[in-house]
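Have a look at the structure below, then the notes.
When a ligand or atom number is given, it counts from 1 through the structure's own listing order. As the structure is a prediction and not an experimental result, all values here were calculated from the model.
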Amino acid sequence: MTGGLFITLEGGDGTGKSTQAALLEEWLTGLGRTVVRTREPGGTDAGVEIREIVLHHRGDIAPRAEALLYAADRAHHVATVVRPALARGEVVLQDRYLDSSVAYQGAGRVLDAQEIRELSLWAAEGLLPDLTILLDLDEDAARARLDASRTRYDRLEAERSDFHARVRAGYLALAEAEPERFLVVDAGRPVDEIAADIRERLAGRV
Ligand code: TYD
């Protein structure tokens, strides 16, 4: 046992992941834990370049190429940031991980969800989170929040609402399949209540 803890936050765009990550980081730090706050895509220098391609490239990217770009970002990030931090006994608090790939790349209906999961697990040499917090919000509410905060959308955010409905359904199916890894919270509730639910789930483990 290393004492390291790997926590990921998942959910559609506009569900409040960053807000909850900040509150959780504050709580964990207050408990004396060292927290590495990171994200995918873009948690490393090489990853920042990959992020630029997947989010802002003009024109189409073939679905398999897109899946491989996210997997490449993940492979490098896990090897150089996540695993070393866990080995030092730290808490890794990460915005998005392999469930994002399954939910988003799988939602395009072209790629098989199981294959995407296997690709990610290969990239990450099998590393799964200890806890995955899914912030669940219906796509219209999420869209309204995004509209209020953005003047410009990235490639994924600009997808139509049926795409985002499939992403949400994909996430809920993943959570149902692995209830011991997932905590699903209704992201429409007040920020403080959500944060309290997350702390309660983690209480025995930190
Ligand atoms: P994110 O960093 O949460 O965007 P922002 O900072 O603009 O809120 O995520 C970027 C986008 O990448 C998001 O729309 C989901 C998408 N994504 C995938 O499609 N597959 C993946 O494997 C990951 C990690 C993200």
Do [X] and [Y] meet the criterion of a side-chain donor-acceptor pair at a distance under 3.5 Å?
| X | Y | result |
| --- | --- | --- |
| Ser101 | Arg117 | no |
| Tyr104 | Arg96 | yes |
| Glu10 | Ser100 | yes |
| Thr8 | Thr132 | yes |

Considering the heavy atoms of Pro41, write down every atom of ligand 1 situated less than 4.0 Å from one of them.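 Selected atoms, number and element: 24 (C), 25 (C).
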
Which ligand 1 atoms are under 4.0 Å away from a heavy-atom of Gln105?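 With Gln105 as reference, the close atoms of ligand 1 come out as 18 (C), 19 (O), 20 (N), 21 (C), 22 (O).
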
Side chain, backbone, both or neither: which part of [X] comes within less than 4.0 Å of ligand 1 when only heavy atoms are counted?
| X | value |
| --- | --- |
| Leu55 | side chain |
| Gln94 | neither |
| Asp154 | side chain |
| Arg51 | side chain |

What I'd like to find out is whether the side chain of Leu127 reaches to under 4.5 Å of the side chain of Tyr97, using heavy atoms alone.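 Yes, side chains in contact.
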
Taking only non-hydrogen atoms of Arg74, do any sit less than 4.0 angstrom from ligand 1?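 So Arg74 counts as touching ligand 1.
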
For ligand 1, find out whether one of its N or O atoms is nearer than 3.5 Å to an N or O atom of [X].
| X | value |
| --- | --- |
| Asp95 | no |
| Arg96 | yes |
| Asp13 | yes |

Looking at [X] and [Y], does any basic side-chain N land under 4.0 Å from a carboxylate oxygen?
| X | Y | answer |
| --- | --- | --- |
| Asp99 | Arg181 | yes |
| Arg168 | Asp136 | yes |
| Glu139 | Arg143 | no |
| Arg145 | Asp13 | no |

Just need the protein heavy atom nearest to [atom], so name the residue and atom and give the distance.
| atom | result |
| --- | --- |
| atom 12 (O) of ligand 1 | Tyr70 OH, 3.3 Å |
| atom 22 (O) of ligand 1 | Ser101 OG, 2.5 Å |
| atom 8 (O) of ligand 1 | Arg150 NH2, 3.5 Å |

